[in-house]
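Below is one structure, written out as structure tokens; the observations come after it.
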Amino acid sequence: MLSVLNSSRPFTDSPSPAWLKSFRERLLRWFVAHRRDLPWRKTRDPYAIWVSEVMLQQTQVATVEAYFSRFLASFPTIAALAAADEQQVLRHWEGLGYYRRARQLHRAAQVVVAEHGGVFPREIDVVRSLPGIGRYTAGAILSIAHDDPHPILEANTFRLLARLLAYRDDPRSNAGQTRLWSFAEQLLPKRDVGAFNQALMELGALICTPRAPRCDECSVAQLCPTRAQGLQAEIPPPVRKVAFESVRAAAVVVEKDDTVLVVCNPAGERWAGMWDFPRFELRGEGPTTVEQELAAQVAERTGIKVRLQRSFATLKHGVTRYRITLDAWLATARGGRLARNAWSPRWVTMDELHELPLSTTARKIAKLIAAMR
DNA sequence: AAGCCGGGGTC
DNA sequence: GACCCAGGCTT
């Protein structure tokens, strides 16, 4: 029997029935005893699970918890979400990042209402066709909500399965992805697919960690060829570093009486649908001063003539591959009228500002000026 | 296959 | 700063 489960020689084709049986039993037994009590594990509602899965895309569990409960409280059903203003949806997403997810989720809810009577579809291809839902998210929702037999592959299972296969080639390549998805499919049990998929992720998250995996606590350690060969640090190989690009930008806080000037980023622009102080990248070229350059840009975008006062803060902000240094300027209005253009410039009070969805940097600046008053 | 999305948290 | 994260989408 031990020879069947010999973990030092990884199987190259498919795992034996004995290996599969042992793996599934050990994994599920561990999961029952150690699963975290996460908010989205209290429901089998496909909609709630959908929301959690989208929030969890490239975002850590601890970050999502508070957002999830707040979002479901405000938008308890697909119909409620579909009927909501995009601004409201974005306000609930503020601080979570990758705001395209929120707009796609909102749009997808409207598709479900229009084309599926408000009922989340059960066919994997239909689910995958919804905006913001790819192979992982579709499989996760349908397996967790309905125990439908779909495999999953994401950050945790990617690492876990690569190690269970002792996969020495590049697991991120096309061939590697194909191999891991195929393995994920082979692993699927007949029943309790949702618990099984969550158990795979949970083991990856809590035990089979990127660095210094807790193999001595791992319920499937004796089935793991990577552990047998001591290759945990090599499998999977670390991702290559990205080269960051430095950007200098300025945001202008124009004050008039007890209001400030804000704009709404139009569709196609960064932070689409979210409000911001007029903000511009600084070229640092030409004969004009920064003050003149900014005043000209504010006037062009908002119609308001301003005089720059002073830079009162510098924010360092990293987003994707950019490193942004953002100077926050104070300015006073000198006339002009609000332009009627795609940027929808508006004067708002601090109370109104509080209700609008703001970019992270805009929210920080809003807090700064609130504290200055 | 690679790069982008203009994020955010952690250590 | 390096590293990581319950990915999706475009080219």
Side-chain angles (χ1 to χ4, degrees), chain A residues 35-36 38-41 49-68 93-105 107-108 127-141 143-144 150-161 170-178 181 184 194 197-206 208-213 233 236-247 249 265 268-272 274 276 279 281 315-326 359-364:
Chain A
R35 70 194 287 269
R36 288 171 293 181
L38 302 173
W40 45 90
R41 287 187 176 158
I49 294 167
W50 174 25
V51 170
S52 77
E53 291 300 340
V54 174
M55 286 186 170
L56 285 161
Q57 288 169 5
Q58 292 293 283
T59 308
Q60 298 184 347
V61 165
T63 306
V64 168
E65 290 195 57
Y67 282 89
F68 173 79
W93 212 271
E94 187 186 304
L96 207 46
Y98 290 121
Y99 300 98
R100 173 173 301 176
R101 294 181 294 174
R103 297 193 299 274
Q104 289 177 324
L105 177 64
R107 190 150 50 91
V127 175
R128 274 196 70 175
S129 74
L130 295 170
I133 298 185
R135 184 172 181 183
Y136 161 74
T137 302
I141 297 169
S143 66
I144 296 171
H150 302 293
I152 58 162
L153 189 66
E154 41 65 74
N156 296 303
T157 45
F158 170 85
R159 184 174 57 249
L160 173 63
L161 300 199
D170 177 11
R172 296 174 182 84
S173 69
N174 234 337
Q177 292 287 304
T178 301
W181 273 107
N197 279 342
Q198 293 183 81
L200 287 175
M201 292 191 277
E202 197 80 333
L203 191 69
L206 301 181
C208 198
T209 51
R211 283 167 298 180
V239 294
R240 62 172 189 74
K241 297 187 274 255
V242 297
F244 293 112
E245 184 178 331
S246 292
V247 176
N265 298 295
E269 292 285 339
R270 296 157 189 162
W271 295 288
M274 303 184 79
D276 220 326
R279 155 212 287 250
E281 283 190 16
L315 283 61
K316 304 274 189 187
H317 185 58
V319 293
T320 63
R321 64 185 196 87
Y322 299 93
R323 289 291 176 269
I324 302 170
T325 303
L326 180 71
S359 70
T360 294
T361 47
R363 185 63 69 195
K364 286 181 183 169

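In the text below, chain A, chain B and the rest are named by the order of the sequence lines, each starting its count at 1.
Between the side chains of A/Q198 and A/R41, at least one donor N or O sits under 3.5 Å from an acceptor N or O. A donor-acceptor contact under 3.5 angstrom links the side chains of A/E154 and A/T157, judged on distance only.
Across all strands, A/R323 comes closer than 4.0 Å to no nucleic acid atom at all (heavy-atom distances). A/S52 comes within contact range of no nucleotide atom at all, as no heavy-atom separation falls under 4.0 Å. Within 4.0 Å (heavy atoms only), A/I133 reaches sugar-phosphate atoms of the nucleic acid but no base atom. Nucleic acid contact for A/A140: none, since no nucleic acid atom lies under 4.0 Å from a heavy atom of the residue. Residue contacts shown for A/P131 are limited to sugar-phosphate atoms, with no base heavy atom under 4.0 Å away. Among the protein residues, A/G204 comes within range of no part of the nucleic acid, since none of its heavy atoms lies under 4.0 Å from any strand. Residue A/T157 is out of contact with every strand shown, counting any heavy-atom pair closer than 4.0 Å. As judged by a 4.0 angstrom heavy-atom cut-off over every strand, A/V242 is placed among residues making no nucleic acid contact. Across all strands, A/E281 comes closer than 4.0 Å to base atoms (heavy-atom distances).
Rounded to an integer number of Å, the gap from CG of A/L153 to C1' of C/dA6 is 11 Å. Here the P atom of nucleotide B/dG8 and the CD atom of A/Q58 are 14 Å apart, to the nearest Å. Note: CD (A/E202) to C1' (C/dC5) measures 14 Å, nearest angstrom. Atom CD of A/E245 and atom P of B/dC5 are 10 Å apart (whole Å). Rounded to whole Å, the distance from CG on A/L96 to P on C/dG7 is 13 Å. At whole-Å resolution of the value, CD in A/E94 and P in B/dG9 are 12 Å apart. Counting to the nearest Å, the P atom of C/dG8 and the CG atom of A/L130 are 12 Å from each other. Whole-Å rounding puts the A/R100 CZ to C/dG7 C1' distance at 12 Å.
Proximity of A/Y98 to the phosphate of C/dA6: no side-chain N or O atom is located under 4.0 Å from OP1 or OP2. In this structure, A/W40 does not reach the C/dA6 phosphate: none of its side-chain N or O atoms is under 4.0 Å from OP1 or OP2. Under 4.0 angstrom from either OP1 or OP2 of C/dG8 there lies no side-chain N or O belonging to A/R128. Considering only side-chain N and O atoms, A/T59 lies nowhere under 4.0 angstrom from the phosphate OP1 or OP2 of B/dG7. Put simply, A/R321 has a side-chain N or O that comes within less than 4.0 Å of OP1 or OP2 on B/dC4.
Nearest nucleotide to the side chain of A/P210, out of B/dG9, C/dC4, C/dG8: C/dC4. Checking C/dG8, B/dG6, B/dG7 against every side-chain atom of A/Y322, the shortest atom distance belongs to B/dG6. In this structure, of C/dC9, C/dG7, B/dG7, it is C/dG7 that holds the atom nearest to the side chain of A/Y136. With C/dC5, C/dG8, B/dG9 as the candidates, the nucleotide lying closest to the side chain of A/Q57 is C/dG8. The side chain of A/Y99 sits closest to B/dG8 out of C/dG7, B/dG8, C/dA6. Between C/dC3, C/dA6, B/dG9, one nucleotide has an atom nearer to the side chain of A/R211 than all others, and that is C/dC3. Among B/dG6, C/dA6, C/dG8, the nucleotide with an atom closest to any side-chain atom of A/V61 is C/dA6.
Between A/R363 and A/E94 there is a salt bridge, since at least one side-chain N of the basic residue sits less than 4.0 Å from a carboxylate O of the acidic one. Electrostatic pairing of A/E269 and A/R279 does not count as a salt bridge here, judged by no charged N lying under 4.0 Å from a carboxylate O.
Both A/I144 and A/F244 lie close to DNA chain C; mapped to their nearest nucleotides by heavy-atom distance, the more 5′-ward contact belongs to A/F244. Annotation: of the two residues near DNA chain B, A/A175 and A/R103, the 5′-most nearest-nucleotide partner is A/A175.
Side-chain N or O atoms of A/D276 include none that pairs as donor or acceptor with a backbone N or O of A/W271 at under 3.5 Å. Side-chain N or O atoms of A/R128 include none that pairs as donor or acceptor with a backbone N or O of A/T137 at under 3.5 Å.
Nucleotides C/dC4 and B/dG6 have their P atoms positioned 24 Å apart, rounded to a whole Å. Nucleotides C/dC5 and B/dC5 place their C1' atoms 15 Å apart, quoted to the nearest Å.
Between A/W93 and A/Y67, the gap from one ring centroid to the other reaches at least 6.0 Å.
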